[in-house]
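Beneath this line is the structure, given in structure tokens, with notes to follow.
Here the structure is a predicted model, which is why all the values come from computation and not from measurement. Every number for a ligand or one of its atoms is a count from 1 in the order of the listing. Below, each value reflects all heavy atoms present in this structure, side chains not excepted, and no hydrogens, waters or symmetry copies.
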Amino acid sequence: MTSILAGSTLQLPEVRAVLERLHDLADRNDNSIIQQVLSSGYDWKSASPAQNAATFREALLPIAPDVGRFLYGVARSISAQRIVEFGTSYGISTIYLAAAMRDRNGGLVIGSEMESSKVMQATENIAAAGLLPFVEIRAGDALETLRDPGGTIDLLFLDGWNNLYLDVLQLVSNNLRSGAVILADDLNITPEQMAPYLEYVRNPANGFISVALPIDDGIEYSVKL
Ligand SMILES: C[S@@+](CC[C@H](N)C(=O)[O-])C[C@H]1O[C@@H](n2cnc3c(N)ncnc32)[C@H](O)[C@@H]1O
């Protein structure tokens with residue numbers, strides 16, 4: 001295992017270089033890709049998850065840098081050892097989470113991505129950041145690939161298609177430890193799509209305590225009781 005430097009892995013030149021390059025790429029291209037697709041009349045709401053994944057294969061759709069630092073901070077503060085991520089794309093969020101694994105001296109981020117070209121891109125990017133030993137990306141539909149997360153989950157990050165959040169949560173819920181944190185991105189972007197998920201985690205009868213955080217696109221922060 002590589003030696004641990006004082007401070008955070010997020011400060012390492014190779015990690016910063018990869019994150020800067022990917023955030024820049026997304027800033028330059030994502031909006032025009034999305035506009036092009038939507039102006040062609042493509043109806044993403046009635047398309048299947050796989051159709052949407054293929055249609056948006058060139059778009060990174062990443063978390064913002066401050067969300068990345070928040071993910072890193074939460075992972076460090078609960079000393080997360082096993083993290084499950086729904087929606088890996090080009091690996092930006094995975095890199096922030098894997099940096100926390102490196103700084104706790106071990107742990108695993110299990111990513112998931114159904115678009116095969118993105119799995120390849122993410123693997124290359126995570127390798128360039130030197131964080132591949134802390135990551136396993138499961139290729140295919142997360143509703144299949146995350147069925148067995150291989151152990152107790154400390155942190156679940158939901159960032160795939162928003163209407164699947166509740167399905168993914170329920171899929172892995174037996175593996176969430178008491179005190180596990182669930183972070184769901186895009187609260188303010190697709191409230192309709194997220195409604196069933198929010199209703200579920202905000203109902204105390206379901207065993208979570210949950211609050212909306214005003215970070216970038218909005219994050220629902222939930223803790224399993
Ligand atoms: C918003 S992007 C993820 C961005 C990534 N978390 C980041 O910050 O860099 C959502 C990704 O989830 C993937 N996805 C959506 N539904 C999925 C599913 N059912 N299984 C696996 N991947 C899925 C999409 O292909 C897309 O790349």
Side-chain angles (χ1 to χ4, degrees), residues 10 15 18-31 33-34 37 42 44-45 47-72 74-75 83-100 109-126 128-129 131 135-149 155-172 182-190 193-194 197 215-220:
L10 292 177
V15 175
V18 173
L19 287 175
E20 267 173 42
R21 175 172 62 75
L22 294 175
H23 280 300
D24 281 355
L25 188 63
D27 288 348
R28 269 186 281 117
N29 295 343
D30 274 15
N31 274 346
I33 293 170
I34 293 166
V37 170
Y42 181 76
W44 64 272
K45 284 188 184 168
S48 70
Q51 280 170 329
N52 282 332
T55 302
F56 292 102
R57 72 163 70 83
E58 303 291 334
L60 282 72
L61 310 172
I63 54 164
D66 54 355
V67 175
R69 289 190 294 275
F70 179 66
L71 291 181
Y72 173 90
V74 171
I83 298 176
V84 169
E85 172 182 70
F86 171 46
T88 291
S89 192
Y90 281 51
I92 293 185
S93 49
T94 325
I95 289 174
Y96 285 98
L97 292 167
V109 181
I110 299 173
S112 60
E113 178 52 58
M114 74 190 331
E115 172 51 44
S116 53
S117 62
K118 284 188 164 182
V119 174
M120 283 170 57
Q121 294 279 353
T123 305
E124 278 175 24
N125 293 330
I126 295 161
L131 294 171
V135 177
E136 171 190 326
I137 302 176
R138 298 191 180 176
D141 186 344
L143 292 173
E144 292 303 324
T145 64
L146 296 181
R147 210 168 269 284
D148 177 10
L155 174 57
L156 173 65
F157 178 50
L158 298 173
D159 196 28
W161 302 148
N162 309 153
N163 59 339
L164 301 176
Y165 284 6
L166 183 54
D167 292 340
V168 174
L169 175 66
Q170 289 180 328
L171 184 71
V172 302
I182 302 100
L183 300 172
D185 197 22
D186 295 342
L187 206 49
N188 305 326
I189 301 283
T190 52
Q193 304 271 312
M194 283 184 71
Y197 173 81
I215 307 175
D216 195 51
D217 295 332
I219 293 179
E220 184 74 6

Please list the nearest protein heavy atom to [atom] with its residue and the distance rounded to 0.1 Å.
{"atom": "atom 10 (C) of ligand 1", "result": "Asp159 O, 3.1 Å"}
{"atom": "atom 11 (C) of ligand 1", "result": "Glu113 OE1, 3.6 Å"}
{"atom": "atom 22 (N) of ligand 1", "result": "Met114 N, 3.1 Å"}
{"atom": "atom 8 (O) of ligand 1", "result": "Ile63 N, 3.0 Å"}
{"atom": "atom 16 (N) of ligand 1", "result": "Trp161 CD1, 3.2 Å"}
{"atom": "atom 1 (C) of ligand 1", "result": "Leu61 O, 3.1 Å"}

Side-chain donor or acceptor of [X] paired with backbone N/O of [Y] under 3.5 Å:
{"X": "Asp217", "Y": "Ile189", "answer": "no"}
{"X": "Ser112", "Y": "Ile137", "answer": "no"}
{"X": "Lys118", "Y": "Ala59", "answer": "yes"}
{"X": "Asn52", "Y": "Trp44", "answer": "yes"}
{"X": "Asn162", "Y": "Gly160", "answer": "yes"}
{"X": "Glu113", "Y": "Ser89", "answer": "yes"}
{"X": "Gln51", "Y": "Ser48", "answer": "yes"}
{"X": "Tyr165", "Y": "Leu158", "answer": "yes"}
{"X": "Asp30", "Y": "Leu60", "answer": "yes"}

Contact atoms of ligand 1, heavy-atom distance to [X] under 4.0 Å:
{"X": "Leu164", "result": "19 (N)"}
{"X": "Thr88", "result": "5 (C), 9 (O)"}
{"X": "Ile92", "result": "9 (O)"}
{"X": "Gly140", "result": "20 (N), 21 (C)"}
{"X": "Gly160", "result": "10 (C), 12 (O)"}
{"X": "Asp141", "result": "18 (C), 19 (N), 20 (N)"}
{"X": "Ala142", "result": "18 (C), 19 (N), 20 (N), 21 (C)"}
{"X": "Gly87", "result": "3 (C), 5 (C), 6 (N), 11 (C), 12 (O)"}

How many angstroms lie between atom CZ of Phe86 and atom CG of Asp159, to the nearest 0.5 angstrom? 9.0 Å

Specify side chain, backbone, both or neither for Lys118, according to which of its non-hydrogen atoms lie closer than 4.0 Å to ligand 1.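 The part of Lys118 near ligand 1 is the side chain, not the backbone.
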
Indicate, as side chain, backbone, both or neither, the part of Ser89 found under 4.0 angstrom from ligand 1 when only non-hydrogen atoms are considered.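 Both backbone and side chain.
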
Can you check whether Leu60 has an N/O within less than 3.5 Å of an N/O in ligand 1? no

Please examine the side chains of Asp185 and Phe157, heavy atoms only from C-beta on, and report whether any two atoms are closer than 4.5 Å.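 Yes - at least one pair of side-chain heavy atoms lies under 4.5 Å apart.
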
Any Phe86 heavy atom less than 4.0 Å to ligand 1: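 The answer is yes: ligand 1 sits under 4.0 Å from a heavy atom of Phe86.
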
Does ligand 1 have any atom sitting under 4.0 Å from a heavy atom of Tyr90?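 No; Tyr90 lies far enough from ligand 1 that no heavy-atom distance drops under 4.0 Å.
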
If you take the nearest heavy atom of each of Ser116, Ser93, Ala53, which one is closest to atom 5 (C) of ligand 1? Ser93

Tell me whether the rings of Tyr42 and Phe56 are parallel (<30°), tilted (30 to 60°) or perpendicular (>60°).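 Taking Phe56 first and then Tyr42, their aromatic rings stand perpendicular (interplane angle over 60°).
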
